[in-house]
2 protein chains.
Amino acid sequence: MTARSTNTGEGSGAQDPHRDIPEATVARLPVYLRVLTSLAERNIASCSSEELAAAAGVNSAKLRKDLSYLGSYGTRGVGYDVDYLSYQIAREIGVTHDWPVIIVGIGNLGQALANFSGFSSRGFRTVALLDAAEQMQGRTVAGLEVRPFADLAEIVAAEQVSIGVISVPATAAQDVADAMVEAGISSILNFAPAVLNVPPGVDVRKVDLSIELQILAYHESRKAAEADETVDNGSEEGITA
Amino acid sequence: MTARSTNTGEGSGAQDPHRDIPEATVARLPVYLRVLTSLAERNIASCSSEELAAAAGVNSAKLRKDLSYLGSYGTRGVGYDVDYLSYQIAREIGVTHDWPVIIVGIGNLGQALANFSGFSSRGFRTVALLDAAEQMQGRTVAGLEVRPFADLAEIVAAEQVSIGVISVPATAAQDVADAMVEAGISSILNFAPAVLNVPPGVDVRKVDLSIELQILAYHESRKAAEADETVDNGSEEGITA
DNA sequence: CGGACTTTGTGACCGCGAGAACAAACTCGC
DNA sequence: GCGAGTTTGTTCTCGCGGTCACAAAGTCCG
C-alpha cells in the first residue's frame with residue numbers, strides 16, 4: 001500500500017527505513033547483487049532492467065518492481081548505474097559491513113562450509129568453528145581452530161555474533177539451536193534435516209538437501225508418467241512443434 | 001517453474017489426484033514423510049493431523065489439505081496410519097524405488113554431499129562422482145572412484161541417470177548443466193552460485209548458501225534498526241511485543 | 001529547441017496459497 | 001443399535017506475489 005512512498009527528501013541522510021520489503025523480493029536481491037558484482041568486474045558501468053533481469057533469470061517487470069521497493073535508483077531512458085545500484089542493494093540487505101558467523105558441527109558438511117569462499121566473501125566472516133566431539137577439537141579447518149561446543153556462549157558474546165550455522169546430525173540440531181538462542185544468536189541457517197523450534201524473534205532458514213532431491217524426484221516421476229501417457233494415447237497437449 | 005498448464009482432468013474428481021499437486025504442497029511432502037518415518041521408528045502406528053502438523057512445524061489445516069491432494073488416506077475420528085500414509089506419500093513423490101544420482105564437482109562440498117547419508121538414504125543412490133581436475137581422478141570418495149567429467153554421457157546412459165548434482169565453481173556451472181542436459185539428465189540440483197539456463201522440460205533447483213545468509217542478514221539489519229528506533233523514541237509503531 | 005525514442009516506475013488484474021470454520025464420517029461406550 | 005465425541009476433508013475468504021500494460025521522465029538528434 002505505498003505507505004512508504006511519501007516522497008521524503010532524498011539526500012544521503014535518507015533513513016527512510018523502507019519499512020516493508022516483501023519476502024520474495026528480499027530473496028532475489030542477493031541474486032541481483034551478484035549479477036551487478038559480475039558486471040562491475042567486467043567494467044560495465046550501467047545496464048538496463050532488461051539486461052539485469054536476463055542475467056538474474058527473472059522477468060524485467062518483476063526486477064523493476066523489486067528495485068522500486070528500495071527507491072528510485074534508475075534513470076529513465078538510460079538504466080541503472082552498476083556501482084550505485086550495487087551499493088544501494090548491499091546497504092539495504094545490510095552487507096556493507098561484515099557479519100560474524102559461527103559454524104557448529106564440523107563434519108564433512110561443516111568443513112565444506114568453512115572452506116566455502118562464497119561464505120567468507122560478500123559480507124560474512126567465519127569467526128569460530130565449534131564441535132562437540134573431542135577428536136575434532138584442536139584441529140585446524142580453513143585456518144580456524146575447532147573449539148569445544150561449550151565455548152559457544154563465550155564466543156558469541158565476545159564477537160557479537162548474531163548468525164549461526166548448524167551442520168550437526170539431526171538428532172543434535174534442536175539442542176544446538178536452543179544453545180544458540182540462549183547465547184543470543186537471532187538468525188540460524190540450519191543444514192540438519194530437522195524441524196527447529198525457536199522463540200519468536202529468531203529467524204531460521206533451512207537448507208535440506210534430501211528434500212530438494214525429493215522434490216526433483218516428484219517432478220521426474222510426473223515427467224515419466226506423462227511420457228507414458230503420451231505414448232499410450234498418441235497426442236495429448238503435445239509439444240506443438 | 002515449468003508451469004504445467006492445460007489442466008484437462010476435470011471429471012474424475014477424487015480419484016486420480018495425480019494431476020496437479022501444488023508446488024507448495026510438494027515441497028512439504030518430504031517433511032511429512034520424514035516425520036512419519038521417525039514415528040514409525042518409534043513404533044507409533046497412527047497419529048492425528050494435529051500431531052503430525054506439530055512435528056512438521058505447520059498448521060494442521062494446511063497439513064490436512066496437503067494430504068487431501070493425494071487422496072483420502074485418513075480415518076475420521078481416528079487419524080492416519082503411519083505406515084500406510086508413509087507409503088502413499090513415498091509413492092506420490094516417487095521414492096519407492098531408488099533414483100540414481102551423479103555428482104559433478106568433487107571439491108569440499110561435493111565430497112560432503114557424497115558422504116552425506118541423507119543423500120543415499122531415502123530413495124537416492126549416488127552412482128558416480130565426476131570431476132574435471134586430473135588430480136581428483138582415480139581418488140576414492142565415499143566408496144566411489146572419481147571419474148573424469150568426459151565420462152558423463154556414458155555413465156548417464158548406462159545407469160539411466162535422470163538427476164544430477166552440480167557442485168562446481170560458478171564459472172563452470174553452465175557448461176556442466178549444458179553437458180548434463182545433452183546427456184539426457186532432466187533434473188538438476190545446483191549448488192553453484194550461478195543462474196542456470198536450461199531448456200524447457202528440465203527442472204532446476206538451486207541451493208545457494210550465500211543467498212541464504214544474506215537473507216538472514218537483511219532480517220538481522222532490520223531487527224537492529226528496529227531496536228535502535230525503540231530505544232530512540234520509545235513508542236512508535238504499536239508492535240508492543 | 002522540440003519531437004521521437006528509450007527505459008523506468010507503478011497501477012490494475014489475476015491466480016496461488018494460507019488459515020479459519022464447518023460438515024461428513026468414523027469409533028467407542030452403553 | 002444409537003448417541004456422543006473425535007478427527008478428517010473441504011469450502012470460503014483474504015492477502016501476497018507475478019505479469020501486463022502504460023504513463024512519466026529522461027536522452028538524443030535534427
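These values consider heavy atoms only, across backbone and side chains, with no hydrogens, waters or symmetry-generated copies. A quick note: this is a predicted structure, and the numbers were derived from the prediction, not measured. A, B, ... follow the sequence lines: proteins, then strands. Residue 1 opens every chain.
If you take CD of E51(B) and P of dT7(D), they are 8 Å apart, rounded to a whole angstrom. One can place CG of D66(A) at 13 Å from C1' of dT10(C), the figure rounded to the nearest angstrom. Put simply, NZ on K62(B) is 14 Å from C1' on dG15(D), counting in whole angstrom units. Atom CD of E23(B) is separated from atom C1' of dG17(D) by 16 Å (rounded to the nearest Å). Between the CG atom of L85(B) and the P atom of dG9(D) there is a distance of 9 Å, given to the nearest Å. The CG atom of L29(B) sits 15 Å away from the C1' atom of dG17(C) (whole-angstrom rounding). Atom OH of Y73(B) is separated from atom P of dA25(C) by 18 Å (rounded to the nearest Å). Atom C1' of nucleotide dT27(C) and atom OH of Y80(B) are separated by 16 Å, given to the nearest angstrom.
At least one donor-acceptor pair under 3.5 Å links the side chain of Q174(B) to the backbone N or O of N197(B).
Comparing N59(A) and G79(B) against DNA chain D, the residue whose closest nucleotide sits nearer the 5' end is G79(B).
The minimum heavy-atom distance between A27(A) and I211(B), with the atom names listed, is O-CG2, 4.0 Å. A56(A) and V195(B) get closest at one heavy-atom pair: O-CG2, 3.7 Å. Residues A173(A) and A194(A) come closest through the heavy atom pair CB-CB, 4.3 Å.
Distances were taken from every side-chain heavy atom of S48(A) (C-beta onward) to each of dT10(C), dT7(C), dG17(C); the shortest belongs to dT7(C).
At a cut-off of 3.5 angstrom, counting only N and O atoms as typed in the model, there is a donor on one side and an acceptor on the other between the side-chain of K65(A) and the base of dT19(D).
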- Message: Treating primed atoms plus P, OP1 and OP2 as sugar-phosphate and everything else as base, which nucleotides of nucleotides 21-30 of chain D get B, S or - for protein heavy atoms under 4.0 Å?
- Response: B--BBSS---
- Message: Assess the residue pair R205(B) and L216(A) against the criterion (side-chain contact (heavy atoms from CB on, under 4.5 Å)); give the C-alpha distance rounded to whole Å, side-chain angles, the decisive distance to 0.1 Å, and a yes or no.
- Response: CA-CA 8 Å; R205(B) 294 193 67 84; L216(A) 287 177; 3.8 Å; yes
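Only one option out of K65(A), K62(A), R64(A) pairs with S49(A) in a side chain to side chain donor-acceptor pair (under 3.5 Å); it is R64(A).
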